[in-house]
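A note on names: the letters A, B, ... follow the listed sequences, proteins ahead of strands, and every chain is numbered from 1. Nothing here was measured: the structure is a model prediction, and the numbers come from that model.
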Amino acid sequence: MQTDLDHGRVLEWAELYALDAVSGLEREAIDDYISATSASERDAFEDRVRQAREAITAAYASDEAEPPPGLLDKILAQLPDSGATDSSGATASPGNSPGSSATADSGITGGNEAPAQDELSARRRHRADSKPSHTRRWIIGAAAAAVIAVGSVTVAQNALEPSVQEKVVEAGDVRSETIDIKAGGRAKLAVSKSVNAAVVTLQDVPAPPPGKVYQMWRLPESGAAPESVGVMTGEDVSDSLATVLKDIEDYSAVAITVEPEGGSESPTLPIVAQIPLET
Amino acid sequence: MRTTARVRPHPMFLLGRPVRRMRDFGPENICLEVMDIPTPGRRDGSGQPSTERTGSPGTLERAHLVELLARTGRGDQAAFGELYQLTARRVFGMARRILVDAELSEDATQDVYLQVWKTAAKYDPAAGSPLAWLMTIAHRRAVDKVRSEQSSSDREARYGASSHVVEHDEVAEAVTGRIEAEAVVECLETLTATQQESVRMAYYGGLTYREVAAKLGVAIPTIKSRIRDGLLRLKNCLGVS
């Protein structure tokens, strides 16, 4: 066979190669030759191998046998980062048990899997095993999709470009969680390390008491003082409200507190919801 | 991003798995698939739409498997699970045929799907049908395993014991789509008996062409020709292009 390769005859090996009817060493020799040869010969070879494989699959690869039950579970358990995943896909999420938090009645709860019909929360927890992050990193500059201002929380969308919100939701490494808010309603989190952003969507949250507003904070990983993201009035939260947070890599969590109208410089306890950004 | 144009997903798809994507030709970028390009009627990768095949079970299955592979490549375990449900009988069937032993077959099948998980993102629909991609991995894994588990002479002996000619109706039952099954049966009949024998011995026995030649007592160049010509005849008959 080496003689053939030495004389530049590789195409005639395509069928045997496709059938795996060559030895391991011969296969390597062919692979080496193909990677070093001209693009046209490589294309011709790969094309012929492809055709052979299609024919082989159609004609010879149709035997069926029932695999042992539970094999899928075994496989899923071996996927990187799968942890305690069973074949139905439910993931056990760490949660804080009631009363274990440092602040009494603070209502801090851990993440729960949302009902299956919620698309956002149907995404599985996943480490980036696939996409190079540069394909997802967009330049978030003047045309930034999210506008966050002191005194109000708003989300604006640039019509020409996918919003950061869309990018997060569609990212290959998006992680979703739902956190119940003690006062009522829930916060849905979608966070993507590759996009370096998170989307927090508040749903069914009751209006704060009269004269009060909700205020969202992001908590720096360094332990420095929480930074205000903005305030939300009863009207803001009356419909589902999505907040996009960019540059989340420096922050460990998002927290929501109840504050007097206009907001505060620093959070007033108790924290009504705390959403961890780290995995 | 290397795409020259971008389809903005309909808002309905924003919160879930994206269904539509533009093909991205950058070598290091994700290769994604537009779902509604015409898919070939046969699972042969041919670019020619076959009018009688549009919407046949083969066509729908291909598009669905392509989508499942793309989603698996993005880390979607639900899609991976569904892909398993649709294909595991065939992958395990391949392993059993070659390895015979149930435990080895289970190991090989696990290896196959772990490899699928790791490499699904690299699957390129232009490089072949999803089923061919999968069964190529399955065959390779089973053959590597049988070669490492058994010496050459054992394999040759074992092949004789477990091999059997696949009956026409077995093929018809196993292959999806009555029209496709008949085409396969007819095309297999265009091979000579010795071509068939050599191809099967290599494929199901995990034997190299040299081992096939030794077992049949035939010269190596003859065996090479039989296998090559048999497969070329098969592919031409099936209309693979």
A/Gln2 CD: over 12 foreign heavy atoms closer than 6.0 Å: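 Count over threshold, so yes.
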Top residue by heavy-atom pair count (under 4.5 Å) with chain A, among B/Arg140, B/Gln85, B/Met94, B/Lys224?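 With the most close heavy-atom pairs to chain A, the winner is B/Arg140.
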I'd like to know which of B/Thr119, B/Val199, B/Leu134, B/Thr109 tops the heavy-atom pair count under 4.5 Å against chain A.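 The answer is B/Val199.
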Per the salt bridge (Lys or Arg N to Asp or Glu O under 4.0 Å) rule, what does the pair list look like for residues 20-40 of chain A, sequence neighbours excluded?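 Qualifying pairs: A/Asp20-A/Arg27, A/Glu26-B/Arg210.
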Under the salt bridge (Lys or Arg N to Asp or Glu O under 4.0 Å) rule, what pairs show up with a residue in residues 225-241 of chain B, not counting sequence neighbours?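 Of all non-adjacent pairs touching residues 225-241 of chain B, none passes salt bridge (Lys or Arg N to Asp or Glu O under 4.0 Å).
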Distance in Å, [X] [atom1] paired with [Y] [atom2], rounded so as to fall on 0.5 Å steps:
X: A/Ser23; Y: B/Arg147; atom1: OG; atom2: CZ; result: 7.5 Å
X: B/Leu114; Y: A/Leu79; atom1: CG; atom2: CG; result: 6.5 Å
X: A/Glu64; Y: B/Thr87; atom1: CD; atom2: OG1; result: 10.5 Å
X: B/Ser225; Y: A/Glu15; atom1: OG; atom2: CD; result: 11.0 Å
X: B/Thr136; Y: A/Arg50; atom1: OG1; atom2: CZ; result: 12.0 Å
X: A/Asp63; Y: B/Arg89; atom1: CG; atom2: CZ; result: 11.0 Å

For a side-chain contact (heavy atoms from CB on, under 4.5 Å) with A/Leu16, tell me which candidate from B/Leu231, B/Ile223, B/Thr208, B/Ile227 qualifies.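 Output: one option passes, namely B/Ile227.
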Taking all non-hydrogen atoms of both residues, which atom of [X] and which atom of [Y] are closest, and how far apart?
X: A/Ala58; Y: B/Val184; answer: O-CG2, 3.7 Å
X: B/Gln110; Y: A/Ile75; answer: CG-CG1, 3.7 Å
X: B/Ala202; Y: A/Leu19; answer: CB-CD2, 4.1 Å
X: A/Ala65; Y: B/Phe92; answer: O-CD2, 3.5 Å

4.5 Å side-chain heavy-atom contact, [X] and [Y]:
X: A/Leu71; Y: B/Tyr84; value: yes
X: A/Leu76; Y: B/Gln77; value: yes
X: A/Val174; Y: B/Arg74; value: no

Indicate the ring-plane relationship of B/Tyr204 and A/Tyr60, choosing parallel, tilted or perpendicular according to the 30° and 60° boundaries.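 Because their plane-to-plane angle is over 60°, the rings of B/Tyr204 and A/Tyr60 count as perpendicular.
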Looking only at heavy atoms and a cut-off of under 4.5 Å, which of A/Ala18, A/Ala21, A/Ala52, A/Ala55 has the most pairs with chain B?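 Option with the greatest count: A/Ala21.
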Quick check on [X] against chain A: is it the side chain, the backbone, both or neither that has a heavy atom closer than 4.5 Å?
X: B/Leu83; result: neither
X: B/Ala127; result: backbone
X: B/Arg96; result: side chain
X: B/Met135; result: side chain

Lys/Arg-Asp/Glu bridge criterion (N-O < 4.0 Å) met for B/Glu106, A/Lys74: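 A/Lys74 and B/Glu106: salt-bridged.
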Measure from the side-chain N and O atoms of A/Glu54 to the backbone N and O of B/Ser129, and report whether any donor-acceptor pair falls under 3.5 Å.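 Answer holds: yes.
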